[in-house]
There are 2 protein chains.
Amino acid sequence: MITQDARALLDTLFERMLDANERSLGYPAAKDFDYSALERFLRFPINNVGDPFADATYRVETRECEREVVAFFAELFRAPHDDWWGYVTNGGTEGNLYGLYLARELMPSGMVYYSEQTHYSVAKNLHFLGMRHIMIRSQASGEIDYEDLRETLKIHRDVPPIIFANIGTTMTEARDDIAKIAQIMDDLAIRQRYIHSDAALSGAYASFLEPRPAFDFADGADSVSVSGHKFLGAPIPCGVVIARKHNVQRIARAVDYIGSLDTTISGSRNGFSPLMLWYRLRELGISGIRERLARSLACAAYLVEGLRAIGIDAWRNPSAITVVLPRVSDAIRAKWQLATAGTISHVLVLPNVTCEQLDAFIADIAAERAAQGV
Amino acid sequence: MITQDARALLDTLFERMLDANERSLGYPAAKDFDYSALERFLRFPINNVGDPFADATYRVETRECEREVVAFFAELFRAPHDDWWGYVTNGGTEGNLYGLYLARELMPSGMVYYSEQTHYSVAKNLHFLGMRHIMIRSQASGEIDYEDLRETLKIHRDVPPIIFANIGTTMTEARDDIAKIAQIMDDLAIRQRYIHSDAALSGAYASFLEPRPAFDFADGADSVSVSGHKFLGAPIPCGVVIARKHNVQRIARAVDYIGSLDTTISGSRNGFSPLMLWYRLRELGISGIRERLARSLACAAYLVEGLRAIGIDAWRNPSAITVVLPRVSDAIRAKWQLATAGTISHVLVLPNVTCEQLDAFIADIAAERAAQGV
């Protein structure tokens, strides 16, 4: 029985979240979603056991929705016809882990290359998987330094390279150019190779940017991971990973117990997230995603201008919805929940962010500077 | 915009689940839960970034609830005072992966021992982590063969053992006795060792069984993983892993980006599941769990008797809520969504299962036998 105490705690938590949610500009989580139509499904013990494309015994599941979501992203990422596979993950990290795992299985002696601006979870993943790796310099923008990559690949031509590419780095939303990376490997006559695309943030809209970033299967990627809770928005971290089917089949193993081929990481899998993503994609469609992207890009430009107008050296990468600025004070950081790393902070201008909100943020910084007599 | 088409598909899915959920006896997922009080939280992009016990910048989170849930299980599992740590996982597999990862970090040359009745995901985990391992024979009950374990440990005394113990195997709910295992290692003067307790199913109630199975920290475990969606029930797979804090601290690494020590596997973590588990534990309390357990045990006994009465050779392990029977026909398997492996099938008598439902199941089998003239 839920006591009055517990109810009061829940109410407090709800109010606190309502408040915190109003002033969150630093985390890559869109807030303009409404999944109330799905609440009725919370009464079921949903479990998308095993491979979403195989049959399974347990029927309280949403694998049909999951397949539709996976197919949507496979097409968006220009995966080769009839040679793609994927599933809904618990977020970008799981998708990256899956891509690296697949690469390791295909090339056990492979060497992983990734830029110094790569998310910290990747080093954790590599340690987890016991994969050899070399960190490559980043440019000031956050994009990988292609010359350093070329020189380093040249030295290690005896081991197959596994490229971990960032399609939107955590701090500056820099996008590594997969076509350029593939060209470098072509130049060096490196045929046996694997490219994983970490498109956690940008994957949901990169296909609609002009010019189109080189990040997907047609550009040379072998797997792509994207988050669902970032640009699209969801109350629960989730994502999608897409890989080449013939690669996945090589590492599949038959499992009698669930009557299914076991190709996922978790086994028992969250079936509510696929339902949310399915609903969200149906709701928005391509036109809705395009519209949200246009709004974000316009507001990001507005923020850069506004900050510059008060003397703050703000900037953003081409077609980025992330605005970078010099490290903010602890007070600003706490109030607006900004992520900071070293000398910089950033604002994520997701589709829910309004000009009014950005005005308030700029005003806070201006007031602080005025108080300090800057 | 959600079309009529999409709404109709949702309605169909809902009806299908409602129906499938009625006739599901084979999967370890309790169905008698009601989280409608938490639906309002689905409007927030909740994310329990990083370590639940450290401070973090992002405030749309439920880490306070998560800490309460972790503390509840730490106490239930008799973790040493002031030397425990844990977090809410995406299910039993993640908790097992965490325990094995921790063991590997502490003893990189360690050898993992587990019985042949161990869940298939463990072999996948071990391959993932690149850990050496030896499969030990199981007894007919599904419990590990202690003599085989003793003999095998004796041969490999030069490498520290990592024991993966099943506290409720998937098919027969057999529980390995950790006290016996610890005694074997004591006999062999093996001091450097690690024991992980996979209590996915039984962890939620094993502390209340009489006699109490030897499975927790006081019995010698170094980490325990339990599922939240199994005996307690939840619409999303979730769980809790508890480990000795001084071990976890040895593998923690500081991460500037999230302003937190990164000791979890996922990084961005589901904050809705901790809320559900918190609510469920507040709702049930110890007395509620005890009451549910008594109901399940009584119904499991009822099912064994009922099946035996019609000539089916059904059985269950001591204090098990899992009833084992000879492999059922495909028709029965599909209708009641039973898991089968080799020559056996099983029924999970979770707290939501009623005698009426079991009567219907028994009647189906009896009718099939009558039709076949058995």
Side-chain angles (χ1 to χ4, degrees), chain A residues 1-3 6 10 13-14 17 20-21 24 26-27 29-31 34-35 37 39-47 57-60 62 90-94 101 120-121 124 128-130 170 229 233-237 255-257 262 266-270 272 282-283 333 337-339 341-342, chain B residues 1-3 6 10 13-14 17 20-21 24 26-27 29-31 34-35 37 39-47 57-60 62 90-94 101 120-121 124 128-130 170 229 233-237 255-257 262 266-270 272 282-283 333 337-339 341-342:
Chain A
M1 211 197 68
I2 291 296
T3 61
L10 269 186
L13 181 64
F14 183 81
M17 275 198 202
N21 203 36
S24 157
Y27 274 85
K31 298 174 230 172
D34 177 1
Y35 294 107
E39 285 167 359
R40 57 179 163 159
F41 288 93
L42 286 180
R43 79 178 67 175
F44 300 122
I46 313 177
N47 195 335
T57 317
Y58 189 59
R59 299 301 297 155
V60 185
T62 64
N90 289 308
T93 300
E94 185 180 341
Y101 171 53
Y120 71 91
S121 64
K124 200 168 61 167
F128 221 73
L129 291 165
T170 310
H229 60 292
I236 295 169
V255 178
D256 186 32
Y257 170 59
D262 179 27
S266 317
S268 272
R269 296 184 306 108
N270 176 338
F272 191 70
R282 285 272 186 156
E283 182 185 45
R333 181 188 180 177
Q337 301 160 65
L338 301 191
Chain B
M1 212 196 69
I2 291 296
T3 60
L10 270 185
L13 182 65
F14 184 80
M17 275 197 201
N21 202 36
S24 158
Y27 275 84
K31 298 176 231 172
D34 177 0
Y35 294 107
E39 285 167 359
R40 57 178 163 158
F41 288 93
L42 285 180
R43 77 177 69 173
F44 301 122
I46 313 176
N47 194 334
T57 317
Y58 189 61
R59 300 301 297 155
V60 185
T62 63
N90 289 306
T93 300
E94 184 180 342
Y101 171 52
Y120 72 92
S121 65
K124 198 167 60 166
F128 221 74
L129 291 165
T170 309
H229 60 293
I236 295 169
V255 178
D256 187 30
Y257 171 61
D262 180 28
S266 317
S268 274
R269 295 186 305 107
N270 176 338
F272 191 71
R282 285 272 185 156
E283 181 185 48
R333 181 188 180 176
Q337 301 159 66
L338 301 191

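Numbers restart at 1 for each chain; the letters A, B, ... are given by sequence-line order, proteins then strands.
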Q | Toward chain A, the part of B:Ala234 with a non-hydrogen atom under 4.5 Å | A | backbone
Q.
If you count heavy-atom pairs within less than 4.5 Å of chain A, which of B:Thr3, B:Leu10, B:Leu129, B:Leu338 leads?
A. B:Leu10
Q: To the nearest 0.5 Å, tell me how far A:Arg269 CZ sits from B:Thr93 OG1.
A: 11.5 Å
(Q) If you take the centroid of each ring, where Trp contributes its six-membered ring, are A:Phe272 and A:Phe41 closer together than 6.0 Å? (A) no
Q.
Minimum heavy-atom separation for A:Pro45 and B:Lys31, please, with both atom names.
A. CG-CG, 3.6 Å
(Q) Taking side chain as everything from C-beta outward and backbone as N, CA, C, O, which of these in B:Asp34 sits under 4.5 Å from a heavy atom of chain A? Side chain, backbone, both or neither. (A) neither
Q.
Can you tell me which of A:Arg43, A:Met1, A:Arg282, A:Arg40 forms the most heavy-atom pairs within a distance under 4.5 Å of chain B?
A. A:Arg40
Q.
Which atoms of B:Phe14 are under 4.5 Å from chain A, going by heavy atoms: the side chain, the backbone, both sets, or neither?
A. both
Q | Shortest non-hydrogen contact from A:Ala20 toward B:Arg59 | A | CB-CB, 3.6 Å
Q: Any chance you could lay out the side-chain contact (heavy atoms from CB on, under 4.5 Å) test for A:Asn47 and B:Tyr27, step after step, and finish with the verdict?
A: CA-CA 10 Å; A:Asn47 195 335; B:Tyr27 275 84; 5.9 Å; no
